[in-house]
Amino acid sequence: MRWSTLFIPTLRDAPADAEALSHRLLVRGGFIRQLQSGHYSMLPLGWRVHRKVAEVIRQEMDAIGAQELLLPAMHPASVWQQSGRWESMGDEMFRLVDRKGADLVLGMTHEEVIALIGLELSSYRDLPQMWYQIQTKFRDEPRPKSGLLRVREFTMKDSYSIDIDDAGLDRSFDLHHHAYTRIFARLGLDALPVEASSGAMGGSASIEFMVESPAGEDDVARCTGCGYAANVERASAATTPVENRPGGDAPERFPTPGIRTIVALAEAGHPPEHQVKTLVYEVDGELVLILLRGDHPFLEQKFVDATGSGDLHPAETDRIRDALGASPGSLGAVGVDGPPIYADHALRGRSGMTTGANDDDFHLDGVDVERDIAVDHWLDLRGILDGEPCAVCGEPLEVVRCIEAGHIFKLGRRYAEAMDMSVLDADGRSRTPTMGSYGIGVGRAMAAVAEVHHDDAGLIWPVAIAPYEVVLTVVKTDHEPSMDLADRWHDELTAAGVDVLLDDRDARPGVKFADAELIGVPLRVTIGPRGLDQGSVEFTLRSTGEREDVAIDDLAGVVLDAVASGRRQGT
RNA sequence: CGGGAUGUGGCGCAGUCAGGCAGCGCACCUGCUUUGGGAGCAGGGGGUCGGCGGUUCAAAUCCGCCCAUCCCGACCA
């Protein structure tokens, strides 16, 4: 294509409200424009990248035997009511009413619809099945942000597996794991598979594919020794052992005027690891006490995952006073019998501890947790800290910020059961199949690549998804020999299947170089009188800045080789 | 939903405190000169100053309400 005829609105300055690097670069490069918060238009350049990302995904899904289909984006409420998610999805689901007054939803995922189609499966001989689509999803995010990284309307590749038994699900899950590994490698993303929380999807296991980036929204704990990696929402660490302080036969009450925090109590001679932190939460309307070691943060997701509870939030101060007789800052669980008490494993066997006395301005010392507190449930409830020892091998864990580029779930039979899916097994008995679901956000993957592959001058697309693979930069468009050569190469390379961009704009060379670098075309051929006098043109790699003079007769071959090797990268 | 900030031409900004002709840079159009890293000169086009209401002789500017956008938090497959 000729640049002069294309719509590539590059900007010298990024919009003031764009902060994430991928957002700034995609807008400046003329790839995307915002329509409203969380909704972006894909301009021609952006759509080319989007299509290529989708195509890489499509090829790898096809390669594991998944079949592409396309489901409606708008669903009747009844489908979601049947699975129970009409209620549980809450405000995140877009809902609307048609002219007949019927409730409809805009699909945020498609387990229900897939399961309905699965009703036509009648025999174990029909299984396994893997179906996928690349389609628009709608989610009413409370806070869209960072350009394409978190939006309300986006293209997702979602796939679903249906198997007769757990072994089959394991197989489908592993096939997807393998496909995802290949997809992210081809996109130029170093995606780390990590153990994850299943959240609202439910199910027995899930793995997220995480790309390290400061623009991400998730923290991953990664072992520097053995390779253990997990989202901090479910990561565990070995607890650093603490020697118990001596304590008497019973807790001892002592005055602590004005002391309300762990830190303040620590300054009064009771280090955080010798304190019991008492949190009061409202869980589905009921009060519960949550106990942790003073230096350990509470991780709500772990509580939700372990108890299957729904709504969870810190209790109101008034309600805490009514139940315990004191305000936050002086709370403790000693002698409490009423609300259920959940304690983190790190408190097991601990004595000589300090905790609130449930009396403002008083604490208890010499507390033996198992002797003095009626713990109902011992759970892993704590967030891990950077540098803590790995639970597997003991080496230090590091916590890194990541973008969630993909997520795969073992769902189990929940949706199949809800939608009444069943097949007959070899013995003629009715069996409920088990399902998996697997997602990649296409636009988010694109933004993740932009986050990772750029420099001060702009984007640096991997050849596999570059909007154009090579740009022919004509330094002087009124220099006939330059334009003649550029035209010839444009046609020749295009005929050979290369995506060629011919910069034939009547602009100064500096502008053309800057634009080519901003939009991130990986290969550049600079054609100008200076080189042609020597019988050569300049060939530049965007990624490294490496440049070489190539004889005119050799140019087409050099470009074809570079494109071919670039396309192979990561495969 | 809580906290903070911002809305002035396509993009970046000044002007708002202290009411009085809507400005600057980039981009865009025309002409001339220039042309291997974001050119120079000259001329030109484009803005309901987020919206509604109020105060005033007069509102981008003061007051009230609303809306939108961004950031932090809450929340979130």
Side-chain angles (χ1 to χ4, degrees), chain A residues 7 9-20 23-24 27-28 30 33-39 85 88-93 107-111 137-147 149-152 154 156 158 160 196-203 206-209 215 217-218 231 233 300-301 304-305 310-314 404-409 411 415 436-441 444 457-458 473-479 482 503 505-518 524-534 536-538 540 545 547 549:
Chain A
F7 180 60
T10 59
L11 299 173
R12 220 182 251 225
D13 298 305
D17 55 14
E19 194 153 295
H23 187 195
R24 297 173 68 83
V27 172
R28 282 190 58 209
R33 288 294 186 265
Q34 184 184 66
L35 177 63
Q36 60 169 333
S37 181
H39 300 260
R85 293 207 287 184
S88 66
M89 280 305 186
D91 290 337
E92 204 177 337
M93 190 152 70
M108 49 198 297
T109 176
H110 281 75
E111 283 77 14
K137 296 284 185 283
F138 298 89
R139 294 179 188 181
D140 194 354
E141 291 286 345
R143 185 147 96 83
K145 56 180 290 201
S146 306
L149 282 173
R150 186 161 214 85
V151 291
R152 303 204 303 174
F154 59 98
M156 178 182 238
D158 47 322
Y160 306 86
S197 159
S198 299
M201 298 294 301
S206 85
I207 290 178
E208 290 170 328
F209 288 80
E217 299 181 88
D218 287 274
N231 192 309
E233 287 180 352
E300 294 184 4
Q301 189 67 44
V304 171
D305 288 346
D311 185 44
L312 173 77
H313 58 89
E404 178 191 345
H407 201 161
I408 59 180
F409 298 86
L411 296 174
Y415 296 97
S437 90
Y438 317 88
I440 295 178
R444 181 184 284 184
T473 302
V474 179
V475 173
K476 273 176 75 77
T477 46
D478 54 4
H479 182 247
S482 293
D503 193 350
R505 292 176 299 168
D506 178 24
R508 296 172 67 85
V511 173
K512 297 187 180 190
F513 296 143
D515 273 345
E517 283 157 10
L518 175 61
R524 186 177 93 205
V525 179
T526 309
I527 305 163
R530 205 169 72 189
L532 293 189
D533 288 346
Q534 315 297 316
S536 70
V537 293
E538 188 180 277
T540 311
R547 59 182 65 186
D549 291 327

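When reading the values below, keep in mind they use all heavy atoms of this one structure, side chains included, and skip hydrogens, waters and symmetry mates. The chains referred to below are lettered A, B, ... by the order of the sequence lines, with proteins before strands, and numbering in each begins at 1.
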Return the nucleotide paired to [N]: Watson-Crick means purine N1 to pyrimidine N3 with N6-O4 or O6-N4, wobble means G-U with N1-O2 and O6-N3, both under 3.5 Å.
| N | answer |
| --- | --- |
| B/U55 | none |
| B/A60 | none |
| B/A14 | none |
| B/U48 | none |
| B/A68 | B/U6 |
| B/C76 | none |
| B/A22 | none |
| B/U30 | B/A42 |

Within the 4.0 Å heavy-atom criterion, would you say [X] contacts the bases, only the backbone, or no part of the nucleic acid?
| X | answer |
| --- | --- |
| A/Pro15 | sugar-phosphate |
| A/Glu300 | sugar-phosphate |
| A/Met93 | nothing |
| A/Asp91 | nothing |
| A/Gly528 | base |
| A/Gly90 | nothing |
| A/Thr473 | nothing |
| A/Ala14 | sugar-phosphate |
| A/Glu217 | nothing |

Given the [atom1] atoms of [N] and [M], what is the spacing between them in whole Å?
| N | M | atom1 | value |
| --- | --- | --- | --- |
| B/A27 | B/G40 | P | 8 Å |
| B/A18 | B/G23 | P | 24 Å |
| B/G25 | B/C62 | P | 26 Å |
| B/G9 | B/G15 | C1' | 16 Å |
| B/C28 | B/G46 | C1' | 9 Å |
| B/G37 | B/U16 | P | 42 Å |
| B/C11 | B/G50 | P | 13 Å |
| B/C21 | B/A5 | P | 30 Å |

Any donor-acceptor pair under 3.5 Å linking the side chain of [X] with the backbone of [Y]?
| X | Y | value |
| --- | --- | --- |
| A/Arg24 | A/Ala18 | yes |
| A/Lys512 | A/Val474 | yes |
| A/Ser206 | A/Ala196 | yes |
| A/Asp503 | A/Arg505 | yes |
| A/Arg152 | A/Asp140 | no |
| A/Arg444 | A/Leu149 | yes |

Measuring from the side chain of [X] (C-beta onward, heavy atoms only), which nucleotide among [options] has the closest atom?
| X | options | value |
| --- | --- | --- |
| A/Arg12 | B/C75, B/C26, B/G73 | B/C26 |
| A/Asp13 | B/U69, B/G37, B/G25 | B/G25 |
| A/Arg547 | B/G36, B/U69, B/G37 | B/G37 |
| A/Glu141 | B/C76, B/C75, B/U69 | B/C76 |
| A/Ala514 | B/G38, B/U69, B/G36 | B/G38 |
| A/Glu92 | B/C13, B/U35, B/C76 | B/C76 |
| A/Ser146 | B/U69, B/C71, B/G36 | B/C71 |
| A/Arg530 | B/G38, B/C71, B/G36 | B/G36 |
| A/Gln34 | B/U35, B/G38, B/U69 | B/U69 |
| A/Val511 | B/G36, B/C76, B/G38 | B/G38 |

Checklist line | 5′-ward residue of the pair A/Ser536/A/Lys137 relative to RNA chain B | finding: A/Ser536

Next item on the list: Could you check A/Thr10 against A/His313 and say which one's nearest nucleotide on RNA chain B is further toward the 5' end?
Entry: A/Thr10

Notebook entry, point to check: Rounded to whole angstrom units, what separation is found between the NZ atom of A/Lys476 and the C1' atom of B/A39?
Noted result: 14 Å

Check: Can you tell me how far C1' of B/G10 sits from CG of A/Leu35, to the nearest Å?
Finding: 16 Å

Donor-acceptor pair under 3.5 Å, [X] side chain vs [N] base:
| X | N | value |
| --- | --- | --- |
| A/Asp17 | B/G7 | no |
| A/Arg150 | B/C76 | yes |
| A/Arg524 | B/G36 | no |

Notebook entry, point to check: Do other residues, nucleotides or ligands put more than 12 heavy atoms under 6.0 Å from the CG atom of A/Asp478?
Noted result: yes

Notebook entry, point to check: For A/Asp533, does the CG atom have more than 12 heavy-atom neighbours from other residues, nucleotides or ligands under 6.0 Å away?
Noted result: yes

Next item on the list: Provide the closest heavy-atom pair for A/Arg524 versus A/Thr526 in the form atom of the first, atom of the second, distance.
Entry: NE-OG1, 3.2 Å

Taking only N and O in the side chain of [X], is any of them less than 4.0 Å away from OP1 or OP2 of [N]?
| X | N | answer |
| --- | --- | --- |
| A/Ser37 | B/A68 | no |
| A/Arg508 | B/A39 | yes |
| A/Lys145 | B/C72 | yes |
| A/Gln301 | B/C76 | no |

